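Indexing begins at 1, ligand by ligand and atom by atom, following the structure's order. Here the structure is a predicted model, which means the values were calculated and not measured.
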Amino acid sequence: MRILAINDLSCVGKCSLAASLPIVSACGIECNVLPTAILSTHTGGFTGYTFRDLTEDFPPILAHWKQLGLTFDCIYSGYLGSIEQIDLVLAIKREFLKDGGLFIVDPVMGDNGNLYAGFTPAHVEKMKDLCRQANFILPNMTEACYLTNTPYPLHLQDADDILQKLQQLTSHPIVTGIPNEKTISLFFIDENGQKRTLTHENVEGFFCGAGDVFASAFVGSIMRGKSISTAVELCSDFVASVIRRSQKEVPDKRYGLNFEAEIYPFLQKLNS
Ligand code: PXL
């Protein structure tokens with residue numbers, strides 16, 4: 001069982017591939033990677049970071065994999081810095097995903113109601129094409145609003161409406177991070193096609209990478225054969241305990257979540 005994670009590698013700050021590699025591997029699934037860019041740190045709160053785009057490395061890497069006859073049981077895409085990279089991911093899915101394999105798209109584009117620097121409306125349109133090819137999409141609240149032209153923010157009572165709109169793109173959307181007074185919820189479509197809401201006590205504090213920790217644990221759980229509902233419950237519990245712990249233990253939040261310390265309890269539940 002091998003998956004391919006396509007995402008950036010932020011060398012410091014524990015998001016994107018730096019979260020996927022340890023978490024997917026801990027689930028017992030081989031995690032191969034295609035780095036979309038290398039940054040000295042992620043972009044959330046740091047200044048002066050380096051950013052090397054790796055798009056031009058894709059064709060030779062893919063040519064080598066083709067020569068080796070590699071295919072993947074699951075492809076999971078995250079931060080794609082250009083429309084060209086989205087087109088390449090569409091081609092990678094066609095060429096390298098096994099028949100019956102899963103395509104999981106985290107449409108990383110923004111947060112707090114805004115697109116990340118450098119992302120345009122054209123990028124949003126192209127991201128919709130990628131979502132149309134996916135078995136699961138995992139937008140946060142901002143991304144869900146951009147994908148559906150819905151005003152930001154969402155509220156608990158918007159669950160049915162936003163899920164219905166996202167289902168025009170794919171059958172199984174999972175929208176994360178919808179806050180209410182003292183709670184935080186996610187909306188998803190379960191294995192029976194039912195709309196579901198899952199609510200946790202809200203934990204104050206913003207951590208870059210929380211979405212990547214959730215998505216990586218979700219990829220691992222689904223590939224281990226868990227149902228959508230069980231995977232969503234396990235992974236949202238995991239992220240909630242990671243954020244609670246990090247809130248106490250990480251003095252400078254830019255350096256990322258302490259997910260390492262919560263992997264073992266997560267695996268105990270995954271294995272039970
Ligand atoms: O986890 C989201 C993310 C991924 N990659 C890079 C980022 C961020 C969030 O800021 O900067 C480079």
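- Of the N and O atoms on the side chains of Glu30 and Asn32, at least one donor lies less than 3.5 Å from an acceptor on the other residue.
- The shortest side-chain heavy-atom distance between Gln167 and Pro173 falls under the 4.5 Å cut-off.
- Residue contacts with ligand 1: Gly211 is excluded, as none of its non-hydrogen atoms falls under 4.0 Å.
- At the shortest separation from atom 10 (O) of ligand 1 among protein heavy atoms lies Cys208 SG, 3.2 Å.
- Counting heavy atoms closer than 4.0 Å to ligand 1, residue Leu39 contributes side-chain atoms (C-beta onward) but none from N, CA, C or O.
- Residue-ligand proximity, His42 to ligand 1, at heavy-atom distances under 4.0 Å covers atoms 7 (C), 11 (O).
- Short contacts between ligand 1 and Ser10, defined as distances under 4.0 Å to a heavy atom of the residue, involve ligand atoms 12 (C).
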Problem set entry | Stepwise ring-ring contact (aromatic ring centres under 6.0 Å, His included) test for Phe218 and Phe136 | CA-CA 10 Å; Phe218 181 78; Phe136 297 97; 5.2 Å; yes
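- When only non-hydrogen protein atoms are considered, atom 11 (O) of ligand 1 lies nearest to Thr43 OG1, 2.6 Å.
- Ring-plane geometry between Tyr79 and Tyr116 is classed as tilted, the angle between the planes lying from 30 to 60 degrees on a 0 to 90 degree scale.
- In terms of protein heavy atoms, atom 5 (N) of ligand 1 is closest to Asp8 OD2, 2.6 Å.
- Protein heavy atom at the shortest distance from atom 2 (C) of ligand 1 is Asp212 OD2, 3.7 Å.
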For this session: Report the C-alpha distance between Phe58 and Trp65 in whole Å, list the side-chain angles of each, state the deciding distance to 0.1 Å, and finish with yes or no for ring-ring contact (aromatic ring centres under 6.0 Å, His included).
Result: CA-CA 11 Å; Phe58 279 26; Trp65 289 353; 9.0 Å; no
For this session: Kindly determine whether Tyr255 and Phe46 satisfy ring-ring contact (aromatic ring centres under 6.0 Å, His included), including the steps that lead there.
Result: CA-CA 10 Å; Tyr255 287 91; Phe46 291 102; 5.4 Å; yes
